[in-house]
Amino acid sequence: MPSLVKPARFDLKRTRPVGRAFFARDPRLVAPQLLGRVLVRKQGRKLLAGRIVELEVYLGRDDPAAHAYAGPTERNRVLFGPPGYAYVYFIYGNHYCLNVSCMREGEAGSLLFRALEPLAGIPEMLRARDLAPGSNPRLIASGPGRLAEAFGITRERENGKDLTSLKSGLWIADDGFRPAHVAITKRIGITKAAEHPLRYIIPGNPFVSGKKYQP
DNA sequence: TTATGGATTAGCT
DNA sequence: GCTAATCCATAAA
């Protein structure tokens, strides 16, 4: 049975990195515009890429669910730094999660990358996830822990990396794609401030995580 | 110093 | 649906 989903195309040469000013705003404004852009990892000839289909907003001192809630610490200092940098944390003793810092320096706010639609380097990502070749591509990067594992992202290596710079080997690219619609739901997996609508998705995209949380 | 639980996932019932 | 895996920040003592 042929796949009903058209293979997504991606041409790195036809992209531009998303600049720092884009992230120097309230993450609630950044999120709907960041959906549809592409997370890219390039190490030598190896290219990994995935379209951003799900994001969650975390705010600062007024968001009890945010790591920035209690103010700056050694762990979360990237959140209070300049915009456009990777904040990577380790959770549940098993998983890494990737955020991009927003707001100007001194103010916290970030976006958690929760799901990508794989575009390039699928065999490599399957291997990184310890999945057999030909596995369901939804298992690659639908979920924040899976996404980080597929891209080989760890706190030790990637925390603090500049996501607007090609030199970092990990950046966000714009290939011109714009989603037709954006939907907003409650955040997943939190208990504090769980009622706020701060999860942004491309509705209907099959790579969005948590089917039962879709509108 | 010790206890608790978390921005998760995979595997089993 | 339930829970183990298993680190680390924070709260409690």
Side-chain angles (χ1 to χ4, degrees), chain A residues 23 26-28 30-32 34-35 39 50 52-81 83 85-103 107-118 125-161 163 172 183-201 206-214:
Chain A
F23 299 103
D26 188 309
R28 288 169 289 197
V30 179
L34 193 59
L35 288 174
L39 184 67
I52 301 164
V53 299
E54 177 179 353
L55 294 165
E56 270 177 7
V57 166
Y58 287 88
L59 302 169
R61 309 300 290 251
D62 43 357
D63 181 1
H67 288 178
Y69 181 57
T73 65
E74 180 54 33
R75 175 213 205 188
N76 68 18
R77 66 190 161 80
V78 175
L79 295 174
F80 292 88
Y85 286 82
Y87 168 58
V88 182
Y89 64 88
F90 190 61
I91 191 71
Y92 295 119
N94 287 286
H95 307 289
Y96 293 97
C97 294
L98 172 70
N99 292 244
V100 58
S101 63
C102 297
M103 308 289 282
E107 286 184 49
S110 68
L111 295 170
L112 169 67
F113 291 85
R114 286 196 55 94
L116 304 176
E117 174 177 347
M125 293 193 283
L126 285 171
R127 208 176 316 129
R129 292 269 301 113
D130 201 22
L131 294 165
S135 299
N136 184 346
R138 259 188 53 87
L139 297 174
I140 293 176
S142 294
R146 291 168 168 180
L147 182 162
E149 189 173 47
F151 270 63
I153 289 167
T154 66
R155 181 162 75 91
E156 293 71 22
R157 275 199 309 265
E158 275 72 32
N159 189 50
K161 273 194 174 173
L163 297 181
I172 299 165
I184 309 177
T185 79
K186 290 191 256 190
R187 293 179 290 188
I188 294 179
I190 57 170
T191 54
K192 289 172 278 190
E195 70 283 4
H196 297 117
L198 291 172
R199 173 172 171 259
Y200 293 72
I201 65 175
F207 294 91
V208 171
S209 78
K211 228 170 208 159
K212 63 181 176 181
Y213 296 94
Q214 256 146 281

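Chain letters run A, B, ... following the sequence lines, proteins first and then strands; every chain starts at 1.
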First encountered from the 5' end of DNA chain B, between A:Thr191 and A:Leu131: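 Nearest nucleotide further toward 5': that of A:Thr191.
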Between A:Glu149 and A:Lys192, which residue's closest nucleotide on DNA chain B lies nearer the 5′ terminus? A:Lys192
Which part of the nucleic acid, if any, lies within contact of [X], taking any heavy atom under 4.0 Å across all strands shown: a base, the sugar-phosphate backbone alone, or nothing?
X: A:Gly145; value: sugar-phosphate
X: A:Leu112; value: base
X: A:Tyr92; value: base

Compare the ring of A:Tyr89 with the six-membered ring in the base of B:dA7 and state whether they stack (centres under 5.5 Å, planes under 30°). no
Taking for each residue the nucleotide of DNA chain C with the nearest heavy atom, is it A:Glu156 or A:His95 whose nucleotide lies nearer the 5' end?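 Closer to the 5' end of DNA chain C: A:His95.
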With a 4.0 Å limit, can you tell me whether [X] has a side-chain N or O closer than that to the phosphate oxygens OP1/OP2 of [N]?
X: A:Arg75; N: C:dT10; result: no
X: A:Arg129; N: B:dT9; result: no
X: A:His67; N: B:dA7; result: yes

Please answer whether the main-chain N or O of A:Gly60 pairs with a side-chain N or O of A:Asp63 as donor and acceptor at a distance below 3.5 Å. no
Looking at the rings of A:Tyr89 and A:Tyr87, which for Trp means the six-membered one, are their centres under 6.0 Å apart?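 Between A:Tyr89 and A:Tyr87, the centre distance is under 6.0 Å.
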Between [atom2] of [N] and [atom1] of [X], the distance in whole Å:
X: A:Phe113; N: B:dT8; atom1: CZ; atom2: C1'; value: 18 Å
X: A:Leu139; N: B:dT8; atom1: CG; atom2: P; value: 17 Å
X: A:Phe90; N: C:dC8; atom1: CZ; atom2: C1'; value: 9 Å
X: A:Arg77; N: C:dA9; atom1: CZ; atom2: P; value: 12 Å
X: A:Ile188; N: B:dT9; atom1: CD1; atom2: C1'; value: 13 Å
X: A:Arg146; N: B:dA10; atom1: CZ; atom2: C1'; value: 8 Å
X: A:Asn136; N: B:dA10; atom1: CG; atom2: P; value: 12 Å
X: A:Ile91; N: B:dT8; atom1: CD1; atom2: P; value: 7 Å

In whole angstrom, give me the gap between the P atoms of C:dT6 and B:dT2. 22 Å
Distance between the P atoms of C:dT3 and B:dG5, in whole angstroms? 15 Å
Does NZ or CZ of A:Arg157 fall inside the cone over A:Tyr96's six-membered ring, less than 6.0 Å from its centre and within 45° of the axis?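 Not satisfied by the 6.0 Å and 45° rule.
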Heavy-atom pair of closest approach, residues A:Ala31 and A:Leu111: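 Smallest interatomic distance, heavy atoms only, reads CB-CD2, 3.7 Å.
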So, for A:Ser110 and A:Leu79, which heavy atoms are closest and what is the spacing to 0.1 Å? CB-CD2, 3.6 Å
Out of C:dA5, B:dA7, C:dT10, whichever nucleotide has its closest atom nearest the side chain of A:Asn94: C:dA5
Please pick, from B:dA7, B:dA10, C:dA9, the nucleotide with the shortest atom-to-atom distance to any side-chain atom of A:Arg155.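 The listed nucleotide nearest to A:Arg155's side chain is C:dA9.
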Mate of B:dG6 where both pairing distances stay under 3.5 Å, Watson-Crick or G-U: C:dC7
Name the one of A:Asn99, A:Leu198, A:Leu59 that satisfies side-chain contact (heavy atoms from CB on, under 4.5 Å) with A:Pro27? A:Leu59
